[in-house]
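Down below is the structure, laid out as structure tokens.
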Protein chains: 2
Amino acid sequence: MKPMTIGRLSSAAKVKVTTIRYYESIGLMGTPNRSASGQRLYGSVDVDRLSFVRHARELGFSMDAIKDLIGLQTEPDQDCSAVDTIAQKQLAEVQKRLAQLEALERELKRMIENCRGGKVGGCQVMAAINDHSECETDKHERLKPL
Amino acid sequence: MKPMTIGRLSSAAKVKVTTIRYYESIGLMGTPNRSASGQRLYGSVDVDRLSFVRHARELGFSMDAIKDLIGLQTEPDQDCSAVDTIAQKQLAEVQKRLAQLEALERELKRMIENCRGGKVGGCQVMAAINDHSECETDKHERLKPL
DNA sequence: CTTGCTCCTACAGTCGCTGTAGACTGTATC
DNA sequence: GATACAGTCTACAGCGACTGTAGGAGCAAG
């Protein structure tokens, strides 16, 4: 179980080297030991932790939420309802976003469906973007990037 | 049809004042006329254009795509297949994102479902984030923010 | 005339990284 | 031992699409 360099950790946890250093800078990874020449040295604990972070990111958790989850992880005797709350909140966000995107999909399909070729001047897609009187997405808050 | 200030334009097109100035800075709104004291002055053309931009943003188009659409708008005699292509591309992105989020929803639900209270140490949500061996989102590319 | 809103510029901050520059370290091959 | 090349280091700038702040100047109503 000898220590590994940042590059090994990177391929073990499938997180880029630069990203690992970034995570360290925002206090997500603690301060690693260093070799005599100043290179970061990690152990298998760090692989686990970093993999956890990666997977939580893949699940769409914010860095703040992940910090909270890591904090909870280090206190295994605490009630896990806090974890549940974070996960529930995340699920709610995902579902909200799904509803937005479904509305978006319907509207884009409608636009494209109505456009039957021709000139830009009479293009129904352009018209649809211009005239949004009957548009359901108007009721939504501003859309976050795809 | 007398000119309006940026604040009027803002409420007419439902785009924030600061955002209008930002759009100007990235070349999306042209350079407006100015009053003697230097205040921006707009006409109804600008309301239309800005509303168009807002609605396109609500549909999730990138600023680059919107720039293209505006460019096409000013040439109404051109074939509208270019517009169609941009819209199709956008629809494809939306559908891809939908698929990602649906996978996410399933996994979050599964995690929460399996967690039946207790201590963090035995929490199935934490375990699920840790052990991602059977996780379908692992196959996806990195998720963009919600 | 004063109050209080709107407008101006210029710049820093958001999030979650990614990319760049320039220098040093570690390892493999000749 | 020399050389080549990959890996590592720090520090900082940039991405997209804005948002927020500071410190002023303009303008309409009471």
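If you're wondering where the values come from, they're calculated on a predicted model, not measured in any experiment. Just so it is clear, the values below take in all heavy atoms, side chains as well, and ignore hydrogens, waters and symmetry mates.
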(request) Starting from the 5' end of DNA chain C, give me the residue, A:S62 or B:L41, whose nearest nucleotide shows up first. (result) B:L41
(request) Measure the CD-CG distance between B:E105 and A:L59 for me, rounded to the nearest 0.5 Å. (result) 13.0 Å
(request) For A:K67 and C:dC15, give me the distance from atom NZ to atom C1', rounded to whole Å. (result) 12 Å
(message) Any non-hydrogen side-chain atom of A:D84 less than 4.5 Å from a side-chain atom of A:Q88?
(response) yes
(request) Map B:Q39 and B:F61 onto DNA chain D by nearest heavy atom, then report which one ends up closer to the 5' terminus. (result) B:F61
(message) Just the rounded figure in Å: distance from C1' of C:dC17 to CG of A:L50.
(response) 14 Å
(message) So, does B:R34 get its side chain near the phosphate of C:dT9, meaning an N or O under 4.0 Å from OP1 or OP2?
(response) yes
(request) Kindly point out which of C:dC17, D:dT10, C:dC7 is positioned nearest to the side chain of A:R40? (result) D:dT10
(request) Could you check which of C:dC7, D:dT19, C:dT9 has an atom nearest any side-chain atom of B:T5? (result) C:dC7
(request) May I have the distance from A:D64 (atom CG) to C:dG16 (atom C1'), rounded to whole angstrom? (result) 12 Å
(request) Name the closest nucleotide to the A:R57 side chain, picking from D:dC18, C:dC8, C:dC17. (result) C:dC17
(message) I need the NZ-C1' distance between A:K16 and D:dG7, as an integer number of Å.
(response) 16 Å
(message) Under a 4.0 Å threshold between the charged nitrogen and the carboxylate oxygen, would B:E93 count as salt-bridged to B:K89?
(response) no
(request) Rounded to the nearest angstrom, tell me the gap between atom CD1 in B:I20 and atom P in C:dT9. (result) 13 Å
(request) For the side chain of A:V17, starting at C-beta, report the closest nucleotide among C:dC7, D:dT8, C:dT18. (result) D:dT8
(request) May I have the distance from B:Y22 (atom OH) to D:dC15 (atom C1'), rounded to whole angstrom? (result) 10 Å
(message) Does B:E58 form a salt bridge (Lys or Arg N to Asp or Glu O under 4.0 Å) with B:R54? I'd like the steps, not just the answer.
(response) CA-CA 6 Å; B:E58 283 167 355; B:R54 176 175 59 84; 2.9 Å; yes
(request) Would you mind checking if B:R110 and B:E107 are paired as a salt bridge, meaning a charged N to carboxylate O distance below 4.0 Å? (result) yes
(request) Using side chain to side chain contact (heavy atoms under 4.5 Å, CB included) as the criterion, point out the one residue from B:M29, B:M4, B:R21 that pairs with B:R40. (result) B:R21
(message) Output the rounded distance in Å from CD (A:E24) to C1' (D:dA11).
(response) 14 Å
(request) Ignoring backbone atoms, establish whether B:Y23 has a side-chain N or O less than 4.0 Å from OP1 or OP2 of D:dA17. (result) no
(request) With the side chain of A:R21 defined as its heavy atoms from C-beta on, choose the nearest nucleotide among D:dT19, C:dT18, D:dT10. (result) D:dT10
(request) Using a 4.5 Å cut-off on heavy atoms from C-beta on, say whether the side chain of B:D68 contacts that of B:V83. (result) no
(request) Compare side-chain N and O positions of B:T19 against OP1 and OP2 of D:dA17 and report whether any pair is under 4.0 Å apart. (result) no
Give me the distances for all protein-to-nucleotides 20-24 of chain C N/O pairs that come in under 3.5 Å?
none

(request) Flag the pair A:K109 / B:Q95 as yes when at least one side-chain heavy-atom distance between them is below 4.5 Å, and no otherwise. (result) yes
(message) Rounding to an integer number of Å, can you tell me how far A:I26 CD1 sits from C:dC17 P?
(response) 8 Å
